[in-house]
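Quick note on labels: first sequence line is chain A, next is B, and so on, each numbered from 1.
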Amino acid sequence: MTVKRTKIKQIFTEALVDTEVWVQGWIRTRRESKTFAFLEVNDGSTIKNLQIIADQQLPGYADWIKELTTGSCVGIKGKLVPSQGKGQSVEMQAQQVEVYGTADAETYPLQKKGHTLEFLREIAHLRARTNTFGAVYRLRNAMAFGIHQYFQDQGFLYLHTPILTGSDTEGAGEMFAVTTLPLQQIPKNDTGEIDFTQDFFGKPTHLTVSGQLNGETAALALSDIYTFGPTFRAENSNTTRHLAEFWMIEPEMAFYDLTANMDLAEDFLRYLIRIALTQHRDDLDFLTKQYDPDLINRLEFVLNNPFIRITYTEAIDILVSSAKSFEYPVSWGADLQSEHERFLVEEHFASPVIVTDYPKTIKAFYMRQNEDGKTVRAMDILFPGIGEIIGGSQREERYEVLLARIQEMGLSEQDYSWYLDTRRYGSAPHSGFGLGFERLLLFVTGMSNIRDVIPFPRTPGNADF
RNA sequence: UCCUCCUUAGCUCAGUUGGUUAGAGCGGCUGACUGUUAAUCAGUAGGUCCCUGGUUCAAGUCCAGGAGGGGGAGCCA
């Protein structure tokens, strides 16, 4: 075949009626009549299928029509014509059919019927062939590209931070160990401890849980940077919003205070949501219809309304004075529980909420201390149904204060000497945040399980595919 | 890790106080139909009742242990 392939998305967006085109894709369904058949082909470029009419007069019809079952792969040449039927404006009159790969209807797991998301997770290698996962993966791609576009437009520098890290005390969670030591016979030293001097890096090494500290070093030289890469947490978390391997975006900006940080985060999220609403309406319409009737409304609400900003102390006051009875007691100094966050976001404000200025005792050592000596310049952005989608802070730029905090929390001054150097030499006020990419996708797609917004989810006990 | 629910045909599920040959819808297959839209109509095939052990004359059903999965909680993004 020498004709250039046309993607199905083009057929629906460009005026191609009366032209001959060549499409390649996978059969979604076949409806046979006595003298002809309707085929629906999808090539992933859009959620829409191209309807193709195959007449039995075509050469080889009897041979290939039986092979064109759901899931089979074909190339078809034909003429685009206005559709006689309802449901689509354009369809193709087939002229020539080439079968690349058949799919035995007896064993092919995807049928012309609804499947549960749980079943599709078990066949993650085939689920991209469904409308749902096609839509989700297209949106995932659009959001990833949009993230780079947003930051690049604002003059941010894309920084690659290490995936293998020797600092095991960042406190962001349990870490996966990385080693080349023989696991059958781990070398021990005189005191009976593992002899890491024999390991590849000569010391304990792990997969990164955050690129933030590395990111800060670049922000304190290049002004505005962002990272976007895989992140690993070995927590035994079995929930709809945790993965052992996920992707995280971490911008870090010199000369930003907490307010500027929040302004950026809000503008950033809105930019991404606008892309979804304007450029991927077909996919959102499908997901709204199929899974979440309120999806598009919710996205539009977030686009058009500023997030509520309150301090932790104000949040505690609201929770205490609410008539609501919580399973976990509310008191100043304790972290907000899921039920507390849900109440604020879903009931009290019915809006995304940014909570700031948490007690320093429940936040990380690097967050900037307030004048009250009790709270730090932290901010968590809470979304309905998802909880914390962004966590960030203004960073402690004062050398003495940061050092004191490291000592207070019993962390190793030695391990953080390089980080402290950024405050010893030309320190600057700066801020940043971390956005969980898959949590963003939960919000944008309306999916309710994080395992359904990443192609091959890694969770405790599951690294299949 | 804790709490809770679930596991029966390819998929989604019914299955009575334990009782003969375990059912339905969808999907598959066969046939009918000149415009269908998860086509329609008729027919048909399809079972390790998650695994192991136990109780019983008799277990899909009751008991114990195990495996897998869903939801919630904690941890967090």
Distance-only side-chain donor-acceptor flag, A:Tyr271 / A:Gln154, under 3.5 Å
no
Compare the aromatic ring of A:Phe437 with the six-membered base ring of B:A77 and state whether they stack according to the 5.5 Å and 30° rule.
no
P atoms of B:U30 and B:A45, separation to the nearest Å:
15 Å
B:A73 pairs with, by Watson-Crick or G-U criteria that keep both distances under 3.5 Å:
B:U1
Parallel, tilted or perpendicular, judged at 30° and 60°: which one describes the rings of A:Phe119 and A:His115?
tilted
Starting at atom CD1 of A:Ile249, determine the distance to atom C1' of B:C76, rounded to an integer number of angstrom.
15 Å
Rounded to whole angstrom, note down the C1' distance from B:A32 over to B:G71.
47 Å
Measure from the side chain of A:Gln51, starting at C-beta and using heavy atoms only, and say which of B:A77, B:G70, B:G35 lies closest.
B:G35
For nucleotides 41-51 of chain B, just jot down a letter per nucleotide in 5' to 3' order: B, S or -, based on protein non-hydrogen atoms under 4.0 Å.
-----------
Is there side-chain contact between A:Phe151 and A:Tyr158, with heavy atoms separated by less than 4.5 Å?
no
Would you indicate what A:Glu91 reaches in the nucleic acid, counting non-hydrogen atoms under 4.0 angstrom: base, sugar-phosphate, or nothing?
base
Rounded to whole Å, CG of A:Leu120 lies from P of B:C11 at a distance of 12 Å
A:Phe307 six-ring centre to A:Arg270 NZ/CZ under 6.0 Å and within 45° of normal:
yes
Between atom OH in A:Tyr328 and atom P in B:A73, what is the gap in whole Å?
9 Å
Paired to B:G68 by Watson-Crick or G-U wobble criteria (both distances under 3.5 Å) is B:C6
Complementary nucleotide for B:U55 - Watson-Crick or wobble, under 3.5 Å:
none
Round to a whole Å and report the spacing from CZ of A:Phe38 to C1' of B:G35.
4 Å
Look at the side chain of A:Gln88 against the base of B:U36 and say whether a donor-acceptor pair falls under 3.5 Å; ignore hydrogens and angles.
yes
Assigned partner base of B:A32, Watson-Crick or wobble definition, under 3.5 Å
B:U40
Looking at A:His340 versus A:Phe326, is the centre-to-centre ring distance below 6.0 Å?
yes
In whole angstrom, give the distance that lies between atom NE2 of A:His115 and atom C1' of B:G10.
9 Å
Given the structure, check if the side chain of A:Ser237 and the base of B:C76 hold any donor-acceptor pair shorter than 3.5 Å.
no
Taking atom types as modelled, find out whether A:Asn131 and A:Arg28 have a side-chain donor-acceptor pair closer than 3.5 angstrom.
yes
NZ of A:Lys112 versus P of B:A38: gap in Å, rounded?
10 Å
Could you tell me how far apart A:Gln93 (CD) and B:G35 (C1') are, to the nearest whole angstrom?
10 Å
Measure the shortest side-chain to side-chain distance between A:Met253 and A:Arg395 over non-hydrogen atoms and say whether it is less than 4.5 angstrom.
no
Name of the residue among A:Phe437, A:Phe301, A:Phe383 meeting ring pair (Phe, Tyr, Trp, His ring centres under 6.0 Å) with A:Phe443
A:Phe383
A:Glu106 CD - B:C26 C1' separation (whole Å)
15 Å
